[in-house]
Amino acid sequence: MSVKEKILIVGAGLSGAVIGRELAQEGYKVDILDARNHIGGNCHTVRDETTGVMVHVYGPHIFHTDDAEVWDYVNGFTTFMPYKNRVKTTSGGQVFSLPVNLHTINQFFGKTFRPDEARVFLEEQADKTISDPQTFEEQALRFVGNDLYEAFFKGYTQKQWGCSPTELPASILKRLPVRFNYDDNYFFHKFQGMPANGYTEMIEDILDHPNINVSLETSFRRDQVAGYAHVFYSGPLDGYFDYELGRLGYRTLDFERFTYDGDYQGCAVMNYGDVAVPYTRITEHKHFSPWEEHKGSVCYREFSRACGPEDIPYYPIRLVEEKAQLADYVGRAEQEKDVTFVGRLGTYRYLDMDVTIREALDTARLYLARRHEGTAMSAFLHAPL
């Protein structure tokens with residue numbers, strides 16, 4: 001192949017790995033760059049040398065999807081073990097199950113409601129003066145009432161996002177259901193699990209193709225675009241343009257790692273809803289691999305804060321200011337030739353892993369179709385706005 005038939009992918013996370021594999025299998029030569037010293041992006045996992053625990057280095061990632069093709073895809077590269085995420089939360093000196101379910105409601109209010117009784121009770125607690133919730137707080141008050149909002153949502157949300165829930169859109173809370181049964185599985189998708197030997201091994205297998213060359217600790221330069229037939233960029237959208245219009249807003253996480261000789265908290269995730277507790281949650285990583293047995297334990301306290309220039313961006317804020325700035329960056333991106341922006345950072349959207357993989361597969365297939373047709377590839381598969 002000539003140099004013009006080579007593909008450059010920026011980022012060796014899920015987006016880059018999947019797109020790279022799909023194109024490599026079609027005969028393209030694929031170069032993948034990543035500024036970090038490991039593959040996998042924020043999904044990176046490593047086995048702790050002392051305890052043997054599989055650690056999710058950048059916080060836990062639980063795979064869940066209703067997309068059968070994506071489920072089959074990941075299972076083609078690793079064995080997924082059954083895992084259901086059962087989150088607990090400490091609030092007001094008690095431990096409750098999340099999402100809010102019938103057990104949570106009965107425990108919190110000291111009741112023994114049946115499902116239909118709980119529905120009527122919560123509707124009585126709700127603020128019916130709010131007909132069209134616009135903010136996170138209004139959404140919560142309208143559907144669960146003040147008491148549950150104060151206990152489970154207000155403090156946690158304030159710590160996670162660094163602002164009042166009155167400043168956040170109602171859409172954030174729509175992802176947190178209330179269940180009128182005793183189901184404490186945090187997710188409701190058909191397929192749920194964890195890779196038996198971690199995500200990094202899975203991504204290594206995706207990248208294991210003779211047409212793929214991976215270079216770690218290697219930064220991308222815009223002048224490299226000219227040397228390739230196409231570039232798929234999964235780094236920060238604003239970073240591609242050297243932050244010329246300012247930085248898009250993100251939240252980042254700080255992790256306070258500690259070990260424990262035994263079982264520290266009895267569950268994988270314990271949230272802390274009280275504002276007085278500075279961290280949002282504690283994760284105990286051996287519980288993410290319940291098929292393994294480890295005496296020792298590795299835990300992380302998570303602290304959320306504003307993302308600075310040297311920090312790892314985790315959650316796009318997407319408030320009014322960011323959306324206006326984003327529109328300007330999107331306009332610039334659409335003027336670029338032979339570059340497609342992909343993934344969580346490249347499209348400034350919060351994406352679960354299954355959606356990331358689905359979009360990567362669709363992006364690679366669209367590129368192949370466009371090449372066959374002789375038409376140009378678009379800057380975005382899904383517009384960030």
Indicate the ring-plane relationship of [X] and [Y], choosing parallel, tilted or perpendicular according to the 30° and 60° boundaries.
X: His189; Y: His64; answer: tilted
X: Tyr272; Y: Tyr279; answer: perpendicular
X: Phe255; Y: Tyr300; answer: tilted

Rounded to the nearest 0.5 Å, what separates atom [atom1] in [X] from atom [atom2] in [Y]?
X: Met194; Y: Thr79; atom1: CE; atom2: OG1; value: 15.0 Å
X: Phe288; Y: Tyr83; atom1: CZ; atom2: OH; value: 5.0 Å
X: His38; Y: Leu216; atom1: NE2; atom2: CG; value: 9.0 Å

Worksheet entry | Residue pair Asp127, Thr129: steps toward the side-chain hydrogen bond (donor to acceptor under 3.5 Å, both in side chains) verdict | CA-CA 5 Å; Asp127 186 344; Thr129 65; 2.4 Å; yes
Sidechain N-carboxylate O distance under 4.0 Å for [X], [Y]:
X: Lys88; Y: Asp184; value: yes
X: Asp311; Y: Arg305; value: yes
X: Arg222; Y: Asp242; value: yes
X: Arg358; Y: Asp354; value: no
X: Glu322; Y: Arg318; value: no
X: Glu124; Y: Arg119; value: no
X: Lys111; Y: Glu117; value: no
X: Glu26; Y: Arg21; value: no

Worksheet item: Above 12 or not: heavy atoms from other molecules or residues under 6.0 Å from CD of Glu293?
Response: no
Discussion item. Donor-acceptor check, side chain of Asp48 to backbone of Thr51, threshold 3.5 angstrom: yes or no?
Written reply: yes
Item to complete: Would you sort out whether Phe113 and Phe180 count as a ring-ring contact (aromatic ring centres under 6.0 Å, His included), showing the intermediate values?
Response: CA-CA 10 Å; Phe113 289 134; Phe180 294 97; 10.0 Å; no
Worksheet item: With a cut-off of under 6.0 Å to the ring centre and 45° to the axis, is Arg301 in cation-pi contact with Phe258?
Response: yes
Worksheet item: Without hydrogens or angle criteria, can the side chains of Arg371 and Tyr28 be said to hold a donor-acceptor pair below 3.5 Å?
Response: yes
Worksheet item: For Tyr367 and His230, what are the C-alpha separation, side-chain angles and deciding distance, and is it a ring-ring contact (aromatic ring centres under 6.0 Å, His included)?
Response: CA-CA 9 Å; Tyr367 177 74; His230 202 82; 5.0 Å; yes
Worksheet entry | Pairing residues for Arg36 by the salt bridge (Lys or Arg N to Asp or Glu O under 4.0 Å) criterion, not counting sequence neighbours | none
Discussion item. According to salt bridge (Lys or Arg N to Asp or Glu O under 4.0 Å), who are the partners of Asp66, at least two apart in sequence or on a separate chain?
Written reply: none
Worksheet entry | salt bridge (charged side-chain N to carboxylate O under 4.0 Å, His left out) contacts touching residues 323-334 (sequence neighbours left out) | Glu244-Arg332
